[in-house]
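Structure, as structure tokens:
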Amino acid sequence: MHIGIIDCAVNRDKVNHVLLHLKAIDGAYKLHFIILTHPHKDHYTGTLELLHYLETEKITTSFFCHTYYYHLKLRDKLPREKVSFLTKFKTVVTRMETAGLFTESIQIGSRTTIPLSASGLQLRCLSPSNQELGWYQDLVGAATGNGEKKSSAEANLLSTIIKIEHNDSYTLFTSDADVRSFERLYKIIAQSERSKELVMGQVPHHGSEKNYHEKFWHLLARKVGTPVVISVGANDYAHPSASILQSLDEGGYKVHCTNVVNDAVGFYNKVNPKVQALLVALDDDSTVVNEKRHLHFEIPFL
């Protein structure tokens, strides 16, 4: 069994499901890659626990990839809690690199490619590019005061957009990528031949309106009914946005949300009946989401 891990966070009940899964299969796997998309708490809070387990059990990872060190360069702009995490992270990663537990350890960016099989299945990263890294460092570096709010707000510029492709098909995982990243990619795609077909996508940042680039999603080559996933739970941010749900529906996508289970919406605290009704109407295939809000898709080429 080959496993790839994208981010590792504990949930609200302090449970690390990634680690529980690895322990449950007890070594009967090859850990092909770990990708840490960007330094926001809801993506990294289980990372140190995961790394300590892999180190203790001497489990080798073929490709260990992250953008965290770009963040650490601006440590005087970060909250103490995050600096503490990043310092511990760097210490354990250095130790594991020295012990040979990472075949490749990469500061990930656009054009990073990870081979997944001899048959041409591969993982490609579309962001962050040097442009996003430059924006992040300029914006945070120029912040007045301690810059903590700015460093957090702009950390999505470090997000990794991941494309897993095989022949003429691909899936797209967008973490919390910034709308500026999608504008850059939109311009590239608009000038190129769209020969590959999207078979499944993940909408960025829990369906946040400010991270959604309509022209990008409507430009991608796809079939009517192509599934897109919005990873979202109870929140106070009005995620997912009703306008995004409607835009994706108008674009011919089939929307699936992790807060819709058996036609019931476990929605954010500021209840919006209109959006609840829209969510249930768009996500009427409850078989893809179980009671734990886990999604199960069969991707054709995996």
Side-chain angles (χ1 to χ4, degrees), residues 4-23 31 33-57 59 61 63-99 101-102 104-109 112 125 127-128 132-133 135-137 139-141 143 145-162 173-178 204-206 208 211 231 233 235-237:
I5 297 172
I6 300 175
D7 290 333
C8 183
V10 297
N11 64 13
R12 291 188 175 193
D13 297 322
K14 307 299 181 185
V15 177
N16 189 330
H17 282 285
V18 171
L19 188 53
L20 285 180
H21 181 63
L22 292 184
K23 288 180 176 179
L31 188 48
F33 64 82
I34 297 174
I35 295 176
L36 307 174
T37 60
H38 66 295
H40 270 154
K41 288 180 70 173
D42 58 331
H43 291 257
Y44 71 66
T45 49
T47 302
L48 291 179
E49 187 182 19
L50 170 66
L51 293 177
H52 285 309
Y53 171 76
L54 297 177
E55 182 181 28
T56 301
E57 299 298 318
I59 296 170
T61 304
F63 296 90
F64 181 69
C65 314
H66 63 92
T67 59
Y68 285 9
Y69 293 160
Y70 296 115
H71 204 50
L72 194 56
K73 289 177 182 178
L74 293 161
R75 60 187 302 149
D76 60 316
K77 303 290 185 181
L78 306 180
R80 289 181 181 179
E81 179 186 10
K82 186 165 285 186
V83 172
S84 175
F85 164 79
L86 290 170
T87 302
K88 292 174 184 175
F89 172 82
K90 189 169 185 177
T91 298
V92 70
V93 167
T94 301
R95 211 164 53 226
M96 293 176 75
E97 287 172 340
T98 302
L101 293 175
F102 302 137
E104 291 269 359
S105 184
I106 303 167
Q107 289 199 62
I108 201 167
T112 299
C125 292
S127 75
E132 281 98 349
L133 296 174
W135 286 335
Y136 174 79
Q137 292 177 1
L139 288 166
V140 177
N146 61 19
E148 289 183 9
K149 288 185 178 179
K150 193 68 174 175
S151 68
S152 179
E154 301 296 350
N156 285 336
L157 282 168
L158 301 178
S159 285
T160 305
I161 299 176
I162 297 167
F173 299 93
T174 61
S175 60
D176 289 352
D178 191 277
H205 204 191
H206 323 295
S208 168
N211 294 69
S231 176
N235 65 91
D236 294 315
Y237 303 100

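Quick note: residue numbers are just sequence positions, from 1.
- Side-chain contact between Thr160 and Pro128 is present, with at least one heavy-atom pair separated by less than 4.5 Å.
- Judged by distance alone, with hydrogens and angles left aside, the side-chain atoms of Thr87 form a donor-acceptor pair with the main-chain N or O of Val83 at under 3.5 Å.
- A donor-acceptor pair is defined here as one N or O able to donate and one able to accept, closer than 3.5 Å; such a pair exists between the side chain of Asn16 and the backbone of Gly46.
- Under a 3.5 Å cut-off, the side chain of Ser159 and the backbone N or O of Asp178 do not form any donor-acceptor pair.
- Two residues are said to be in side-chain contact when any heavy atoms from C-beta on lie closer than 4.5 Å; Leu51 and Phe64 meet this criterion.
- Distance check: Ser175 OG to Ile35 CD1 gives 10.0 Å after rounding to the nearest 0.5 Å.
- To the nearest 0.5 Å, atoms OG1 (Thr47) and CD1 (Ile34) are separated by 8.5 Å.
- Here the side chains of Thr174 and Asn211 are not in contact, with every heavy-atom distance at 4.5 Å or above.
- Every residue two or more places apart in sequence or in another chain that forms a ring pair (Phe, Tyr, Trp, His ring centres under 6.0 Å) with His43 is listed here: His38.
- A side-chain contact (heavy atoms from CB on, under 4.5 Å) with His40 is found for one member of Asn156, Thr45, Leu158, Asp7 and no other, namely Asn156.
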Derivation of the side chain to side chain contact (heavy atoms under 4.5 Å, CB included) call for Leu36 and Tyr44: CA-CA 7 Å; Leu36 307 174; Tyr44 71 66; over 6 Å; no
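- Under the 4.5 Å side-chain criterion, counting only non-hydrogen atoms from C-beta, Thr61 is in contact with Leu54.
- Identified under the salt bridge (charged side-chain N to carboxylate O under 4.0 Å, His left out) test for residues 36-57, with sequence neighbours left out: Lys41-Glu81, Glu55-Arg95.
- Of all non-hydrogen atoms in Tyr136 and Leu78, the two that sit nearest each other are OH-CD2, 4.3 Å.
- Of the possible donor and acceptor atoms, one in the side chain of Asn11 sits under 3.5 Å from a partner among the backbone N and O of Asp13.
- In this structure, the side chains of Leu50 and Leu22 come closer than 4.5 Å at one or more pairs of heavy atoms.
- Formation of a donor-acceptor pair under 3.5 Å by the Ser151 side chain with backbone atoms of Glu148 is found in this model.
- Without hydrogens or angle criteria, Lys88 side chain to Leu48 main chain gives no donor-acceptor distance under 3.5 Å.
- Across Lys82 and Pro39, no two heavy atoms sit closer than the pair NZ-O, 2.8 Å.
- Proximity of Ile59 to Tyr53: side-chain heavy atoms (C-beta onward) are separated by under 4.5 Å at one or more points.
- Aromatic ring centroids of His66 and Phe89 lie under 6.0 Å apart.
- With hydrogens and angles ignored, the 3.5 Å screen pairs a side-chain donor or acceptor of Ser127 with a backbone N or O of Ile161.
- Judged by distance alone, the side chains of Ser105 and Glu97 do bring a donor and an acceptor atom under 3.5 Å apart.
- Of the inter-residue distances, the one linking Thr37 atom OG1 with Asp176 atom CG reads 6.5 Å to the nearest 0.5 angstrom.
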Check against side chain to side chain contact (heavy atoms under 4.5 Å, CB included), Val93 and Tyr69: CA-CA 11 Å; Val93 167; Tyr69 293 160; 3.6 Å; yes
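- Lys150 meets the side-chain hydrogen bond (donor to acceptor under 3.5 Å, both in side chains) test with Glu154; sequence neighbours excluded.
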